[in-house]
Enquirer: 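Dropping a structure here in structure tokens format, bear with me for questions.
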Amino acid sequence: MADRGVDLSALPKEVRDQLAELDLELSEGDITQKGYEKKRTKLLAPYIIHTPGKNLSSLFFCSENLSHSCVLFSIHSDIHTEAVQAALAKHKEEKMALPMPTKRRSTYVQSPIETRTPPDSSSGSEDETSVRRQSSVVIPPPAVSPNLQSPDSWINHSVQGSSTSSSASSTLSHGENSAPPPDVTAVAPPARGPRVDLPSNAVVRGMSRGHSRSSMMMETADGVPVNSRVSTKIQQLLNTLKRPKRPPLSEFFTDDAEEIVEVPQPDPNTPKPEGRQIMPVKGEPLGVVSNWPPALQAALARWGASQGKSPALTALDITGKPLYTLTYGKLWSRSVKLAYTLLNKLGTKNEQILKPGDRVALVYPNSDPGMFWVAFYGCLLAEVIPVPIEVPLSRKDAGISQVGFLLGSCGVGLALTSEICLKGLPKTPTGEILQFKGWPRLKWVVTDSKYLTKPSKDWQPHIPTANTDPAYIEYKASKEGTVMGVAVSKVAMLTHCQSLTQACNYCEGETLVNVLDFKKDMGLWHGVLTAVMNRIHTISVPYAVMKACPLSWVQRVHIHKARVALVKCRDLHWAMMSHRDQRDISLASLRMLIVADGANPWSVSSCDAFLNVFQSHGLKPEVICPCATSPEAMTVAIRRPGVPGAPLPARAILSLTGLSHGVIRVNTEDKNSALTVQDVGHVMPGALMCIVKPDGPPQLCKTDEIGEIIINSRAGGTMYYGLPGVTKNTFEVIPVNASGVPIGEIPFVRSGLLGFVGPGSLIFVVGKIEGLLMVSGRRHNADDLVATALAVEPVKTVYRGRIAVFSVTVFYDERVVIVAEQRPDASEEDSFQWMSRVLQAIDSIHQVGLYCLALVPANTLPKTPLGGIHISDTKQSFLDGNLHPCNILMCPHTCVTNLPKPRQKQPVGVGPASVMVGNLVAGKRIAQAAGRDLGMIEDQDLVRKVGVAVGTATCVQLHKRAEKIAAALTEKGSINTGENVVLLYPPGIDLIAAFYGCLYAGCVPVNVRPPHPQNLAATLPTVRMIIDVSKAACILTTQNLMRILRSKDAAASVNIKTWPTIIDTDDLPRRRPPQIYKPPTAEMIAYLDFSVSTTGMLTGVKISHAAVSALCRSIKLQCELYSSRQIAICLDPYCGLGFVLWCLASVYSGHQSILIPPFELESCLSLWLSTLSQYRIRDTFCSYSVMELCTKGLGTQTELLKARGVNLSCVRSCVVIAEERPRLALTHSFSKLFKDVGLSSRAVSTAFGSRVNLAICLQGTTGPDPCTVYVDMKSLRHDRVRLVERGAPQSLPLMESGKILPGVRVIIVNPETRGPLGDSHLGEIWVNSPHNASGYYTIYGEESLQADHFNTKLSFGDPQTLWARTGYLGFVKRTDLLDASGDRHDALFVVGSLDETLELRGLRYHPIDIETSVSRAHRSIAESAVFTWTNLLVVVSELCGSEQDALDLVPLITNVVLEEHHLIVGVVVIVDPGVIPINSRGEKQRMHLRDSFLADQLDPIYVAYNM
């Protein structure tokens, strides 16, 4: 009854009244018995659970009914599986289709398993933990009621291997293809207008390439083709992400001024411990038995002398048959021989290599227990300290360098091994043993009998009474993978043997079957040490035998009538799977079946299922004895062998939610999230146990609280050898009470086990500290998550149940990662379905979100020596990007709940008060700067300077060629003054001549990059578009290009019949035009400048004659370009400042220009640098793409350049011409690399121009060097500029974009309010200068856009001046440097294009910053680009490594963006190198990339949709 243990009279009056009313309803038939009990339980629940003294007993169901009920047992062993199936069924109702990742077919062809499994060794072997599979393998199909099934029937299932329940899989189908996805645009309106779309007055700023490429593309409002596979996937992703998220513990982490994520406020509904403080639990006193030896060696000496013929150890061969039996006499005599040899025979006569107290490594394989026993006891007799380690198999063993750390910290210089083992160790070509990574130099000693020396008659080993000196060192791997040595003293070793003897009731002469590793832990303590103390006969079953014949240990128990068996759950499971092979075996002789990992929560089902199968073979229920151990505290607790017929111990059914908060609660509401645990018996004899809080000071827990078990006993480890710092925290713990006062002075040892004390002082263990995952302040146990994952029908997907669970710290919290090995025959769909089900099951049962779920090919995870998964190495591989998964599912949207709140932008009102409110802070300067005065501009005609050599043409030759072209235009083309003429030329003199020819004829030249003959389909449409938009009356070009324009290939891309007149200027007759045109006013248009911006906009601007003159004069002044100068230009001459320098500046200033077309560098990389050296050039101009080409191509060849005589010491300024933020990393690398050939570190600088003003900044020859500042990225996202020190976290280095040109004024303006900003703000750069462009070229005369960008005024401050808006964000800072006039210098810093910025979470992000982080994430990322799509951040990365690295990049990219930018990546796309489109200036075309992605044209290697 629900009220058992509740004093009804003590209840509040209203509760008693409600109970009376309930009783009345039941008696009158108004309520059913079931409803009555439910309501009554609910009323009484608060008064039952919270009674501290009694709350534990209510956790346990009585076991009396269980003792003979097989059916009940079978239900219990599958309780977890049923919970998982129920959780999944619940999800199934939601019918949520997750988008499946897209994978290029060729990428992963999994080879058959034979080729993957290395021969023999423990690879391919069953994982230590793979036993957890029984939670899946022994599943009765849920369709059949468990009560109707005989135990046999469900075991049959598992044996035939058909345990995948079809009914389960049908219930769980995901409805992947249930319905076509709804239209994306209807679901999620985009955050800002689509960037490829044009304003309604279409052609004003040109046209997107996307339009010409595919007229079919713009079918939905977001520019997504309706039939696109990508849009379908993204639609599924968006639908999934719209599901309500489980809120974090408090509604949000709040974001303070520094934007540091705060710890969440505790939830008031969190269950809290309410019991009294726990009392230390005492084990029974350790009895004193008269014949117990004074030391363990003394026991061996006694049995060796008195019972020499008695068998000590039987070893089995690979087939499971006895190989040899070592008697106590032989063990004694060989150990004495070894002790004598070690002390006296290793060095020369005079020197003794080993002294008592030295440490030696014991390197023996698992299959050779005899040699190990002799070596171990030989060391004890010689009083040297043995350090047993695993046999190293290769240089790449998991954790091999950590074993080196252990040997180093223990000061080991000598290793004992057997002859066979020594022969098998990896060798160098010269035959020496390999020097393993991180290992000290070792001397190897073979201990086979034939190499040992018999001691002289008078030599006897010294056997002192056990003292506190170390006897042996047992290795232990920590959660981080560090291997440390736990030193066990002689007295602790002896006391431990005595307490095990008392607890397990060992008798002299018993037989024990040991399946465990005899080098450490229970295998060593019971099977090697306690066995010798009690003259027990141990039968050692090596791991390799278990692989070949899983039933071998059961057969040995039967044949030898063994009284004790020492196993793990894995061994129970394997024996159960193959028990049909043997009918006539009996386990009736067993009085103790010790389950070494019985403390694991999932061991219950193994023990139950094993009993179920073998009860008919004489196995008694009371012999199963789970125990809890740890290397530091040794045996913590063990269940004593029971009396036949006595009731079995109870079990606890705990609420997983309670456990995650560290408290013990009965699971009442949801049986799916329950954990059933069995006890591990009582504390060891002579020990004292406490439970303390696992983190912080060792404060005693309350009775209903989970904590770490700590032990005080003479039988425990004493220290981590050689590591005094770590030792104190573990081996010398003094527990304190609630007020922090120590409860005594005796030190306790931390066991690393989490648990509680149940009724009757029974110990329950619910997990280990090292398997603890602390997510959002809640504790989850890795083993529990593994059990849940395994219960999700893994048979089709997971290879041998091999699953690893660990956590990684990303963005201020731990995130759960699950990695499993995938079966070679698993299909993509099966794997993805399994992953999505695991997500749902863990979410339902544990209420925790998974961050990443990865499947790797079978047999590829790093292994521990016995075949388990090496967790810390797996985690490291994951973080390093070396895991090479074949399937991956990231779920950052689900589990990252601690992002700062999105910023709410405040509406900014504009008015006089704005100066006071926020836009300008008191004491801050208005952010503006100006170049020096330009002086008077003489009204110069551009083409009258004569006689200066330009490349290979003097101005006279140029003049004559220009006249020929002007004449041809008027005659052939019948062109009228003011009409537009397209120039289509490769870089060269022809282009310059054609430009001036147009000016002579009074036409307006439009310079266009010619189409690429090898890529007409991509490049010709842009040419066609410019010709159409500019309404060109004629095309001037070369013969070669004219043929291309009219070719069949061209006809495939554009309509070639509608070209305007094409004039080939190669062989024109010598004619002069009737007159040379002179523009009536300087405001007339000189030429049109067309360019495709990074956002895919094609923009044409009008440049007047006045602007050209002013710009040339400004450049001449800034760079001191006199007629005697030579400059080298390696730029594309088609638009912007590149065109001005190539065609105009040298004619204006009269200096000589050496023109180097950038495409020539493809055939001769060093052309530019050797030209600079050969002509002793002082000033050169290049683009970022040229600089990158030289850095990547010539960076390693500086010695070769030197040998060729290249010397760049003549270069005083090398200016990079660009319309973007200076690429600091590239300019630094270039300066550093070519320093060796004389390039000055001060030479490299940058320039900045935009569409509205082709040159705003240009580093001149005078004035201060460009300065670099470090700004805080978090502030930058809020449009604030905060300078920080170099190396500060979240700092971004920015370089000044060159000096502001003479005649130019800039001001920083808020783009929304159009008010001026202070110099601590990021805003749009506005420019006022005589060389501003006159406006966008428009054929409709549409003025609104033009006025907005070219003639705009501030909303307050100085409302008279006309400014042009550059469309770039930046800031101005006053530096400590002085400019030419002696004033402090104002530097302009460009941060990025306003059109390119991403508005996410209310903050402003610049793509380049995210891309820089992504490119640093892994060595295989060559280039990356980001864009947004319906509020999702999409990252595209080019993979330069092998395709098997592709999936490694997904978690690394997600991690780095989350850590550094506080953003969750929605889609990760891995593509081949060269896929990200880059324009002629070396800038990424992100919007083209976006169009290609959405139109499914990228042919990606892998697309991951993050959940």
Side-chain angles (χ1 to χ4, degrees), residues 914-934 1114 1117-1118 1215 1221-1222 1224 1227 1242 1245-1250 1253 1255-1276 1278-1288 1291-1311 1314-1329 1354 1356-1358 1361 1363 1365-1366 1368-1392:
S914 297
V915 178
M916 311 308 295
V917 186
N919 286 334
L920 285 183
V921 183
K924 293 282 183 197
R925 299 177 53 254
I926 285 254
Q928 57 183 350
R932 58 187 164 147
D933 234 11
L934 192 54
S1114 194
L1117 279 173
Q1118 188 86 329
V1215 183
R1221 177 200 297 182
L1224 202 57
T1227 54
R1242 301 171 56 191
S1245 60
T1246 61
F1248 170 64
S1250 70
N1253 186 315
I1256 297 169
C1257 303
L1258 181 65
Q1259 186 67 30
T1261 46
T1262 59
D1265 287 342
C1267 58
T1268 300
V1269 296
Y1270 292 84
V1271 297
D1272 178 53
M1273 281 174 79
K1274 296 198 293 289
S1275 302
L1276 215 52
H1278 288 86
D1279 293 340
R1280 294 196 307 270
V1281 178
R1282 189 165 72 89
L1283 298 190
V1284 291
E1285 292 303 311
R1286 177 180 181 174
S1291 62
L1292 172 72
L1294 290 174
M1295 184 161 93
E1296 179 186 357
S1297 300
K1299 299 290 163 289
I1300 296 173
L1301 280 168
V1304 176
R1305 283 172 63 200
V1306 296
I1307 188 164
I1308 306 299
V1309 179
N1310 181 325
R1314 305 194 178 194
L1317 291 170
D1319 62 1
S1320 59
H1321 281 71
L1322 179 71
E1324 187 180 6
I1325 301 167
W1326 287 16
V1327 60
N1328 166 278
S1329 125
L1354 294 172
F1356 61 89
D1358 164 17
T1361 313
W1363 299 89
R1365 302 181 59 170
T1366 61
Y1368 282 84
L1369 293 171
F1371 60 93
V1372 168
K1373 279 287 173 195
R1374 175 154 282 184
T1375 65
D1376 294 331
L1377 305 170
L1378 300 181
D1379 59 21
S1381 60
D1383 296 327
R1384 280 176 66 192
H1385 165 64
D1386 289 319
L1388 174 67
F1389 295 89
V1390 177
V1391 177

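Just so it is clear, the values below take in all heavy atoms, side chains as well, and ignore hydrogens, waters and symmetry mates. These numbers come from a predicted model, not from an experiment. Note that the numbering runs from 1 along the sequence shown for the chain.
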Enquirer: Can any side-chain N or O of Ser1114 pair as donor or acceptor with the backbone N or O of Pro1302 at less than 3.5 Å?
Expert: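 Answer holds: yes.
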Enquirer: What distance separates His1321 NE2 from Arg1280 CZ, expressed to the nearest 0.5 Å?
Expert: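 These two atoms lie 7.5 Å from each other.
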Enquirer: Testing the basics here: between Val1304 and Ala1255, what is the closest heavy-atom pair and its distance to 0.1 Å?
Expert: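 The answer is CG2-O, 4.4 Å.
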Enquirer: Quick check: do Ile1256 and Ser1250 have side-chain heavy atoms less than 4.5 Å from each other?
Expert: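 They are in contact (side-chain heavy atoms under 4.5 Å apart), so the answer is yes.
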Enquirer: What distance do Leu1258 atom CG and Thr1246 atom OG1 have between them, rounded to the nearest 0.5 Å?
Expert: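 One gets 9.0 Å once the value is rounded to the nearest 0.5 Å.
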Enquirer: Can you name the closest pair of heavy atoms from Arg1221 and Val1390 and give their distance?
Expert: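 Heavy-atom minimum between the residues: CG-O, 3.3 Å.
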Enquirer: Within this structure, what is the NZ-SG distance for the pair Lys1373 and Cys1267, rounded to the nearest 0.5 Å?
Expert: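 So the NZ of Lys1373 and the SG of Cys1267 are separated by 11.5 Å.
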Enquirer: Considering non-hydrogen atoms only, spot the tightest contact between Phe1371 and Leu1322 and give its length.
Expert: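 The answer is CD2-CD1, 4.2 Å.
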Enquirer: Work out which heavy atom in Trp1326 is nearest to a heavy atom in Arg1314; give both atom names and the distance.
Expert: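 Shortest heavy-atom separation between Trp1326 and Arg1314 comes out as CH2-CB, 3.9 Å.
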Enquirer: Assess the residue pair Thr1268 and Leu1294 against the criterion (side chain to side chain contact (heavy atoms under 4.5 Å, CB included)); give the C-alpha distance rounded to whole Å, side-chain angles, the decisive distance to 0.1 Å, and a yes or no.
Expert: CA-CA 6 Å; Thr1268 300; Leu1294 290 174; over 6 Å; no
Enquirer: Hey, could you give me the SG/CZ distance between Cys1257 and Phe1389, rounded to the nearest 0.5 Å?
Expert: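 One gets 10.5 Å once the value is rounded to the nearest 0.5 Å.
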Enquirer: Which heavy atom of Gln1259 sits nearest to which heavy atom of Ser1245, and what is that distance?
Expert: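 So the two residues come closest at CB-OG, 2.9 Å.
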Enquirer: At their closest point, which heavy atom of Leu1276 faces which heavy atom of Leu1292, and how far apart are they?
Expert: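 So the minimum-distance heavy-atom pair works out to CD2-CD2, 3.8 Å.
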Enquirer: Kindly assign one of parallel, tilted or perpendicular to the pair Phe1248 and Tyr1368, based on the angle between their ring planes and the thresholds 30° and 60°.
Expert: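 Perpendicular, since the angle between the ring planes exceeds 60°.
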Enquirer: Is it the case that the side chains of Asn1253 and Ser1329 hold a donor-acceptor pair, with the cut-off being a distance below 3.5 Å and no angle test?
Expert: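 Short answer, yes.
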Enquirer: Determine, stepwise, if the pair Glu1296 / Thr1375 fulfils side chain to side chain contact (heavy atoms under 4.5 Å, CB included).
Expert: CA-CA 11 Å; Glu1296 179 186 357; Thr1375 65; 5.7 Å; no
Enquirer: Just wondering, do Ile1308 and Leu1388 contact through their side chains at under 4.5 Å, heavy atoms?
Expert: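 They are in side-chain contact.
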Enquirer: Do Ile1307 and Leu1354 make a side-chain contact, defined as non-hydrogen atoms from C-beta onward lying under 4.5 Å apart?
Expert: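 Contact flag for Ile1307/Leu1354 side chains = yes.
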Enquirer: Rounded at 0.5 Å granularity, tell me how far CG in Leu1369 sits from CD in Glu1324.
Expert: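 These two atoms lie 7.0 Å from each other.
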Enquirer: To the nearest 0.5 angstrom, please state how far the CD1 atom of Ile1325 sits from the CZ atom of Arg1365.
Expert: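 Spacing of CD1 (Ile1325) from CZ (Arg1365) equals 12.5 Å.
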